[in-house]
Amino acid sequence: EVQLVESGGGLVQPGGSLRLSCAASGYIYSSSCMGWFRQAPGKEREGVAIISPGGSSTYYYDSVKGRFTISRDNAKNTLYLQMSSLKPEDTAMYYCAADSHFNCWVKARLGLPDFNYWGQGTQVTVSS
């Protein structure tokens, strides 16, 4: 059984920082592209960041560029999202996801990611 379990969410003040983690099990984590997504109440889910299987390549969506950093530790089967300079508009449920398909990174860079495993999410609230 594939499992993705997020942690690290919480309440933080504007301008603050938070680090999310996603523990993966049940599939070949190290050969999968991984990503972070978020969904705010009343809004569609949006991409945050994607990372290649080896971790050497990353992609950030415009809203978080320069503020968030995605990374992974394949020895620990864990994905991370370091969030800095947080804004109230970053408030959302954050989900990690895995794309275990062949050539996942090529497809992701073509704008055709196909994430087939999802976690349950962790809530991030940015408020004073």
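The first residue of the sequence shown is numbered 1, and numbering continues consecutively from there.
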In terms of heavy-atom contacts, does CG of Leu11 have more than 12 from other residues, nucleotides or ligands at under 6.0 Å? yes
- With side chain to side chain contact (heavy atoms under 4.5 Å, CB included) as the test, would you mind laying out the steps for Tyr80 and Arg19 before giving the verdict? CA-CA 7 Å; Tyr80 302 100; Arg19 189 175 85 154; 3.7 Å; yes
Pairwise salt bridge (charged side-chain N to carboxylate O under 4.0 Å, His left out) hits with a residue in residues 40-61, at least two apart: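 Sorted result for residues 40-61: Arg38-Glu46.
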Picking from Ile50, Thr69, Ile51, what satisfies side chain to side chain contact (heavy atoms under 4.5 Å, CB included) with Tyr60?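 Between Tyr60 and the candidates, side chain to side chain contact (heavy atoms under 4.5 Å, CB included) is satisfied uniquely by Thr69.
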- request: Mind running side chain to side chain contact (heavy atoms under 4.5 Å, CB included) on Ser57 and Trp105 for me, showing each step along the way?
  value: CA-CA 9 Å; Ser57 298; Trp105 187 247; 3.5 Å; yes
How long is the straight-line distance from [atom2] of [Y] back to [atom1] of [X], given to the nearest 0.5 Å?
{"X": "Thr122", "Y": "Leu18", "atom1": "OG1", "atom2": "CG", "result": "8.0 Å"}
{"X": "Ser52", "Y": "Arg109", "atom1": "OG", "atom2": "CZ", "result": "10.5 Å"}
{"X": "Gln3", "Y": "Ser25", "atom1": "CD", "atom2": "OG", "result": "4.5 Å"}
{"X": "Phe115", "Y": "Asp99", "atom1": "CZ", "atom2": "CG", "result": "5.5 Å"}
{"X": "His101", "Y": "Ser32", "atom1": "NE2", "atom2": "OG", "result": "9.5 Å"}
{"X": "Asp114", "Y": "Cys104", "atom1": "CG", "atom2": "SG", "result": "10.0 Å"}

For [X] versus [Y], what's the shortest heavy-atom pair and its separation?
{"X": "Ser17", "Y": "Gln82", "result": "CB-NE2, 4.0 Å"}
{"X": "Met83", "Y": "Leu86", "result": "CB-CD2, 3.8 Å"}
{"X": "Thr78", "Y": "Ser21", "result": "CG2-CB, 4.3 Å"}

Look at the side-chain heavy atoms of Ile, Leu, Val, Met, Phe, Trp and Tyr, link any pair under 4.5 Å apart, and say whether [X] and [Y] land in one connected group.
{"X": "Tyr61", "Y": "Phe68", "answer": "no"}
{"X": "Met93", "Y": "Val48", "answer": "no"}
{"X": "Val126", "Y": "Leu81", "answer": "yes"}

Quick check: does any side chain N or O of [X] sit under 3.5 Å from a backbone N or O of [Y], one acting as donor and the other as acceptor?
{"X": "Thr91", "Y": "Glu89", "result": "no"}
{"X": "Trp36", "Y": "Leu79", "result": "no"}
{"X": "Asn74", "Y": "Asn77", "result": "no"}
{"X": "Glu6", "Y": "Cys96", "result": "yes"}

What residue among Tyr95, Tyr94, Trp118 forms ring-ring contact (aromatic ring centres under 6.0 Å, His included) with Phe37?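 Answer to the ring-ring contact (aromatic ring centres under 6.0 Å, His included) test with Phe37 among Tyr95, Tyr94, Trp118: Trp118.
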Under a 4.0 Å N-O cut-off, is there an ion pair linking Asp62 with Lys65?
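Here Asp62 pairs with Lys65 in a salt bridge, since their nearest N and O are under 4.0 Å apart.
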Non-neighbouring partners of Ser100 that pass side-chain hydrogen bond (donor to acceptor under 3.5 Å, both in side chains), sequence neighbours left out: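 Testing Ser100 for side-chain hydrogen bond (donor to acceptor under 3.5 Å, both in side chains), a comparison that skips the adjacent residues, returns Asn116.
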query: With a 4.5 Å heavy-atom cut-off, do Cys33 and Pro113 have their side chains touching?
result: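 When only atoms from C-beta onward are counted, Pro113 and Cys33 do not touch, as no gap falls below 4.5 Å.
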